[in-house]
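Working notes for the structure below.
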Amino acid sequence: MIVEIKDEIEVIEVTGLGFYEDRPLRRLTSFSITNSMDEMAMIDHSTLESLFISGVVTSFQRSTSQFWCGPFGPVRSWCITGFLLKSLFIWVSTELADYLCEMPAASYVNCYSSFKFKASVCIRTFEKLTIDPEVEFGKLLPSLVSAMLEDWPGSSDSNSMSETVKPHMAFVADQLVALDQEFSKLKAIKTICEVFKEDMEKIRMLRQENMVNGRKFSGSFYSIHDCNEEFHKEASKDNDREKVMMEATSSQTSLKEEKPHHPKKRSLPTDIENQEKNIEIFKKAAMDNRKIEEGIEVVDDELVAVSMTGTIDIKTTRPKRSLKGFKMSDEGESVRLFENLEYNRLYITSEIWPSYNSEEPDLGVQCKSFGPAISWCITGYDKGAPEIWVSTETADYLCGKPSVDYLPYFKPFYEKAMLCIRAFHIISASPDLEFDEFCRELVLDILPHFDTFKDEEMTWNYVNSNLGFVAEQLIGLDGISFFDRPSIKSITEKFNVDAVEALNRKGCGSFPSLYDKNWWIKNCQSEHMTLAEITKKREIKVPQGQSSEPSNSMVKLLKIKKREDK
């Protein structure tokens with residue numbers, strides 16, 4: 001079911017899945033790009049008017065929730081990435097977020113395919129020139145034609161494909177030189193600049209027009225994060241130049257950007273002042289530069305805070321609350337990494353709010369150094385994005401946005417949790433993947449998710465260093481399903497993962513839901529502790545070869561739980 005939402009800020013919020021984002025990334029399907037007259041336009045449209053997006057917006061983590069929004073914008077820039085992965089990614093950006101273009105609307109296919117084709121030629125040319133920088137243009141063109149015939153099945157023949165590719169070579173050369181100036185030194189690029197001199201001049205004029213209409217940062221980048229870094233760097237320079245120019249030319253008529261007109265059928269945000277206010281509102285929320293609101297109550301006792309933020313009877317039901325602006329510290333009030341709570345006594349300082357699915361707006365309570373925290377758990381495997389919980393003796397808390405100063409301490413754990421979620425979905429979709437293929441898919445899947453990862457090599461290193469943690473979490477999540485998977489079995493061997501330990505330390509681990517965690521603590525944990533005590537007293541030695549399998553007691557309890565669930 002697709003829900004319609006008219007406002008871009010709202011659609012970003014509902015597809016955010018509740019975790020921190022430096023800059024929101026979303027996916028677009030059934031989309032189209034239109035001008036202010038509701039006429040379809042190319043992504044790199046160069047006329048002096050604003051462009052707007054309409055389409056289905058989803059979470060970047062591929063949640064099943066879908067929301068129709070549009071027209072919204074205006075479009076700030078477009079971007080081609082995927083050069084290092086040899087896979088094309090096309091982005092369109094507004095002031096608020098970056099949107100990965102996946103599937104255009106049926107009515108927009110022809111318009112979009114034209115841009116996608118020349119963007120594909122850019123990716124293929126990058127690949128060819130990276131392999132053979134000395135190749136001449138005469139040999140480069142036939143190899144590009146062959147590659148494009150593979151990428152675009154149904155094309156008639158080599159001659160027609162060659163005639164289709166040639167007109168785009170000026171665009172390709174311009175994009176690659178913008179991506180990396182080193183390309184300007186290559187023979188093939190020099191030849192293109194000479195042979196297609198007139199086209200190159202048109203591209204130069206197009207760049208100037210893009211500068212006037214506010215899309216001057218459009219182009220090719222290694223990642224969307226590089227694009228945004230360049231945008232912010234150049235934008236800050238332009239702001240300084242703008243101030244100087246305004247002072248120097250205050251008496252002269254300035255060139256003003258044409259304001260968009262209302263479309264024929266649908267309304268558009270045309271009031272620049274209101275648009276800027278909306279942007280500022282969203283930025284403040286996204287950065288979570290939180291201050292305790294005037295009037296928010298401050299308490300020193302966790303039990304009081306939990307009671308004030310809920311109406312349930314905490315004597316009979318274990319409370320669930322959410323944390324905003326939280327941080328974790330030790331007894332000396334030194335800030336500590338989130339996952340250290342498994343080994344150290346850590347305390348929480350945060351705003352405590354009602355249950356994570358509550359819509360009550362004004363029941364937050366500030367509480368300092370409460371706890372200690374006794375465990376964490378990762379849920380959200382069915383949603384495609386992690387929900388991270390921290391528990392005390394009193395309640396379970398969903399970790400929302402950390403405080404600004406605690407973000408560097410929480411973000412690494414969140415990224416590891418996301419790695420587990422993505423690994424779960426890859427293995428669930430292809431259970432028989434071998435280790436190498438599993439790693440390759442995981443790298444390609446996780447690369448676009450976080451600004452931590454700048455290139456494929458860095459992502460490989462990151463994934464490799466955390467595979468042991470991933471295996472522990474998936475075995476702990478469902479040892480019966482994951483233990484014998486080829487990829488997980490290889491990880492346990494390569495990284496010496498103790499499967500029994502992964503099952504026995506589930507107080508800090510992964511669960512399908514918070515209910516499952518509390519059920520396990522109540523039933524399985526007590527059962528394991530009893531068995532351990534009996535084993536210790538009788539000095540029973542476990543025969544070799546049996547220690548790597550889940551205990552019969554655990555299997556029995558899991559089966560009982562499944563029957564209870566049904």
Side-chain angles (χ1 to χ4, degrees), residues 18-22 284-310 314 318-356 363-380 386-420 450 452 466 469 473 505-510 514 517-518 521:
F19 59 85
Y20 179 87
E21 298 173 285
D22 291 329
K284 287 176 183 176
M287 291 301 294
D288 193 33
N289 205 354
R290 298 184 57 84
K291 294 181 180 178
I292 299 174
E293 296 175 14
E294 213 175 299
I296 190 170
E297 297 203 45
V298 179
V299 298
D300 294 326
D301 186 271
E302 180 187 8
L303 191 59
V304 173
V306 170
S307 300
M308 292 173 65
T309 52
I314 60 177
R318 184 166 173 83
K320 294 187 288 291
R321 301 289 183 268
S322 61
L323 301 178
K324 294 183 181 180
F326 68 89
K327 65 179 179 180
M328 311 282 290
S329 54
D330 58 21
E331 292 177 338
E333 297 191 356
S334 297
V335 177
R336 298 296 181 190
L337 286 170
F338 180 84
E339 56 195 297
N340 281 6
L341 70 85
E342 188 174 356
Y343 312 103
N344 301 105
R345 197 177 180 87
L346 298 185
Y347 296 84
I348 309 166
T349 296
S350 177
E351 291 178 20
I352 299 176
W353 288 74
S355 178
Y356 65 102
L363 294 178
V365 176
Q366 177 76 11
C367 193
K368 183 179 180 182
S369 296
F370 63 89
I374 58 174
S375 66
W376 54 258
C377 83
I378 301 168
T379 66
E387 290 181 341
I388 297 172
W389 297 82
V390 59
S391 299
T392 65
E393 292 289 354
T394 304
D396 301 308
Y397 300 93
L398 178 65
C399 296
K401 295 176 182 177
S403 64
V404 174
D405 58 334
Y406 193 65
L407 177 62
Y409 295 85
F410 180 71
K411 189 177 180 184
F413 184 81
Y414 180 86
E415 290 177 345
K416 285 168 63 174
M418 176 61 80
L419 194 65
C420 296
F450 299 110
T452 306
N466 288 292
F469 180 83
Q473 295 306 307
R505 61 190 287 273
K506 280 172 68 72
C508 290
S510 292
L514 186 65
K517 176 193 173 180
N518 290 330
I521 289 175

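Values below: every heavy atom of this structure, side chains too, minus hydrogens, waters and symmetry copies.
Atom SG of residue Cys399 and atom CZ of residue Phe338 lie 4.0 Å apart, to the nearest 0.5 angstrom. Interatomic distance, Cys377 SG to Leu398 CG, rounded to the nearest 0.5 Å: 9.5 Å. Between the NZ atom of Lys327 and the OH atom of Tyr409 there is a distance of 10.0 Å, given to the nearest 0.5 Å. Met328 contributes atom CE, which lies 11.5 Å from atom OG of Ser403 (distance to the nearest 0.5 angstrom). Note that OG of Ser375 and CD of Glu393 are 9.0 Å apart. Values are rounded to the nearest 0.5 Å. A distance of 15.0 Å separates CG in Asp301 from NZ in Lys368, rounded to the nearest 0.5 Å.
Atom OH of Tyr406 is surrounded by more than 12 heavy atoms from other residues, nucleotides or ligands within 6.0 Å.
Contact of the Val304 side chain with the Met308 side chain is registered, since non-hydrogen atoms from C-beta on lie closer than 4.5 Å. Residues Thr394 and Phe370 form no side-chain contact, since every pair of their non-hydrogen atoms from C-beta on lies 4.5 Å or further apart.
Leu346 approaches Leu337 most closely through the heavy-atom pair CD1-O, 3.8 Å. Looking at every heavy atom in both residues, Arg318 comes nearest to Ala395 through NH2-O, 3.2 Å. Pairing each heavy atom of Glu302 with each of Tyr397, the nearest pair is OE2-OH, 2.5 Å. Annotation for Asp300 and Cys367: closest pair C-SG, 4.2 Å, computed over non-hydrogen atoms. Scanning all heavy atoms of the two residues, the minimum distance from Ala373 to Ile348 falls at CB-CD1, 4.4 Å. Looking at every heavy atom in both residues, Pro386 comes nearest to Ala417 through CB-CB, 3.8 Å.
When atom types are taken as modelled, the side chain of Thr349 and the backbone of Ser369 share a donor-acceptor pair closer than 3.5 angstrom. A distance-only check finds a donor-acceptor pair linking the side chain of Gln473 to the backbone of Ser510 [under 3.5 Å]. Counting only distance, with no hydrogens or angles, the side chain of Ser334 and the backbone of Asp330 share no donor-acceptor pair below 3.5 Å. A donor-acceptor pair is defined here as one N or O able to donate and one able to accept, closer than 3.5 Å; no such pair exists between the side chain of Arg321 and the backbone of Trp353. Side chain of Tyr414 to main chain of Glu387: no donor-acceptor pair is present (N/O by atom type, distance under 3.5 Å, no hydrogens or angles).
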Review point. Where do Lys320 and Trp389 land on the side chain to side chain contact (heavy atoms under 4.5 Å, CB included) test, with the steps shown first?
Key: CA-CA 10 Å; Lys320 294 187 288 291; Trp389 297 82; 4.2 Å; yes
Practice item. Using the side chain to side chain contact (heavy atoms under 4.5 Å, CB included) rule, take Tyr347 and Glu331 through it: C-alpha gap first, then chi angles, then the decisive distance, then the call. Key: CA-CA 7 Å; Tyr347 296 84; Glu331 292 177 338; 3.5 Å; yes
Point to revise | side chain to side chain contact (heavy atoms under 4.5 Å, CB included) assessment of Phe326 paired with Val390 | key: CA-CA 11 Å; Phe326 68 89; Val390 59; over 6 Å; no
Point to revise | Steps toward side chain to side chain contact (heavy atoms under 4.5 Å, CB included) verdict (Ile352, Val299) | key: CA-CA 10 Å; Ile352 299 176; Val299 298; over 6 Å; no
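Between Phe413 and Phe469, the ring planes lie perpendicular to each other; the angle is over 60°, past the 30° to 60° tilted range.
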